2 protein chains.
Amino acid sequence: MKRLKLNTQRIRSCLKESHLRSTRKRECILEALLTFDRPVSAEELRDRADLPKSDLVTVYRTIEAFLGIGIVQGIPLEDGKTIYELTDPGDHHHHFVCRKCHKTERLDLCLAGELEKKARKLGFSDISHVMEVYGSCEDCN
Amino acid sequence: MKRLKLNTQRIRSCLKESHLRSTRKRECILEALLTFDRPVSAEELRDRADLPKSDLVTVYRTIEAFLGIGIVQGIPLEDGKTIYELTDPGDHHHHFVCRKCHKTERLDLCLAGELEKKARKLGFSDISHVMEVYGSCEDCN
DNA sequence: TTGTTATTGCAAGTTAATTGCATTAATGGG
DNA sequence: CCCATTAATGCAATTAACTTGCAATAACAA
Ligand SMILES: [Mn+2]
Ligand SMILES: [Mn+2]
Ligand SMILES: [Zn+2]
Ligand SMILES: [Zn+2]
């Protein structure tokens, strides 16, 4: 799979390919996403995008759309919440995440192949997996 | 670490060691846990224990206590909910979980050591991790 | 420009899980 | 056994992330 670095241009074309409309709100939320170097919550995203409180629902729907076309990845936290980051399409990977500030380091280690094989052997299909490492980062200690 | 198979006896002594009281409700919930061969939700547990609706909060508090002494493990689902199972203390492991029926197979593969090392190198401390594999089991297909 | 249809705004709903507080019950010492 | 201490429970209310319904609006392409 060819991996293309994300930018506004590329994302517009992703939207188009998927028959999703390029709207003002989506661009706005996208721009906000681009300003972060760590995964963020929907609320953080709305605030950074300088949208009114009521637009949180639009943020969620936008995230959903972006997840659908693979340019955003959700990262589950220990407490059940989820944070989101831009991802190059097809770039599956995992993370070290600070429980407190959500600073994230890429974890370049994935057992997808092995897990998939074992799962299939057990009769599972339609397989997905999570692997995240949580801790306290230096700054937060 | 010595691993001792769980039974009612052993669990009572775990409670005592941790200065937790052996109550009727806890035993009741424990008995319910023992009847399952798969992880379950708090609600399922309350129903199996034949407790009234209002006792769901007791189930949650009991689960919390059991998590604390390491005889119960929580398994996060893709949708953010959590299911719970009895675990021998110190028996850290992961799972294949059916998204629909929560049938579970043990996943005997854990990168704890490697993850911990990498995380520490990155400045993280107080490290934990999740790794779960989700799919549709044969029966649910 | 216009018609179609996706997107949005707003309000309300959902639900797993938590919290506060008064009551009850387990425990350990005497 | 009895009592004092304090943890556990029962009940009601709350939290908070996320979802849903629906009417109004905006994007797109014809
Ligand atoms: Mn990442
Ligand atoms: Mn298990
Ligand atoms: Zn941090
Ligand atoms: Zn199943």
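It should be emphasised that the depicted structure is a prediction, and the values quoted were computed from it without experimental measurement. So that the names make sense, note that chain A is the first sequence line, chain B the second, and so on, each numbered from 1.
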*Asks:* Can you tell me the distance, in whole Å, between the CD atom of B/Glu44 and the C1' atom of C/dA17?
*Replies:*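 Atom-to-atom, B/Glu44 to C/dA17, this comes out as 16 Å.
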*Asks:* Taking only the side-chain nitrogens and oxygens of B/Thr58, find out if one of them lies under 4.0 Å from OP1 or OP2 of D/dT9.
*Replies:* no
*Asks:* Consider only side-chain heavy atoms of I, L, V, M, F, W and Y, link residues closer than 4.5 Å, and tell whether A/Leu20 and A/Ile29 are in one cluster.
*Replies:*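 Yes; tracing contacts between hydrophobic side chains, which count when under 4.5 Å, links both residues.
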*Asks:* Identify whether A/Leu15 and A/Leu45 are in the same connected component of the hydrophobic contact network (ILVMFWY, side-chain heavy atoms under 4.5 Å).
*Replies:* yes
*Asks:* Given atom CG of A/Asp79 and atom P of C/dA16, what is their separation to the nearest angstrom?
*Replies:* 17 Å
*Asks:* Quick one: B/Ile75 CD1 to C/dA16 C1', roughly how many Å, whole number?
*Replies:* 17 Å
*Asks:* Mind calculating the distance between CG (B/Asp55) and P (C/dA17) to the nearest angstrom?
*Replies:*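 The distance from CG of B/Asp55 to P of C/dA17 comes to 17 Å, rounded to the nearest Å.
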*Asks:* If you group Ile, Leu, Val, Met, Phe, Trp and Tyr whenever their side-chain heavy atoms sit less than 4.5 Å apart, what else falls in with B/Leu115?
*Replies:*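 A/Phe96, A/Leu107, A/Leu109, A/Leu111, A/Leu115, A/Leu122, A/Phe124, A/Ile127, A/Met131, A/Val133, B/Phe96, B/Leu107, B/Leu109, B/Leu111, B/Leu122, B/Phe124, B/Ile127, B/Met131, B/Val133, all in the cluster of B/Leu115.
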*Asks:* Using side-chain heavy atoms (C-beta onward) and a distance below 4.5 Å, is B/Arg26 in contact with B/Arg61?
*Replies:* no
*Asks:* Once you round it to whole Å, what is the distance between P of C/dA16 and NE2 of B/His102?
*Replies:*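 Distance check: B/His102 NE2 to C/dA16 P gives 11 Å.
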*Asks:* Under 4.0 Å between a side-chain nitrogen and a carboxylate oxygen: does that hold for A/Asp79 and A/Arg99?
*Replies:*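 The answer is no: the pair does not qualify as a salt bridge.
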*Asks:* Does B/Arg38 pair with B/Glu44 as a salt bridge, N-O distance under 4.0 Å?
*Replies:* yes
*Asks:* B/Lys53 NZ to C/dA17 C1': how many Å, rounded?
*Replies:* 16 Å
*Asks:* Is it the case that over 12 heavy atoms from other parts of the model lie below 6.0 angstrom from the CD atom of B/Glu64?
*Replies:* no
*Asks:* What one-letter contact string describes nucleotides 18-23 of chain D from 5' to 3', where B marks a base within less than 4.0 Å of any protein heavy atom, S marks contact via sugar-phosphate atoms alone, and - marks no contact?
*Replies:* SBBB--
*Asks:* Any idea which heavy atoms bring B/Gly74 and B/Leu67 closest together, and the distance?
*Replies:* N-CD2, 3.6 Å
*Asks:* Looking at B/Asp126 and A/Lys100, does any basic side-chain N land under 4.0 Å from a carboxylate oxygen?
*Replies:*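 Answer for the salt bridge query: no.
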*Asks:* Please report, rounded to the nearest Å, how far the C1' atom of C/dT8 is from the CZ atom of A/Arg26.
*Replies:* 10 Å
*Asks:* Whole angstroms only, please: what is the CD1-C1' distance between A/Ile63 and C/dT7?
*Replies:* 16 Å
*Asks:* With the sugar-phosphate defined as primed atoms, P, OP1 and OP2, and the base as all remaining atoms, what B/S/- string results for nucleotides 25-30 of chain C, 5' to 3', for protein heavy atoms under 4.0 Å?
*Replies:* BBSS--
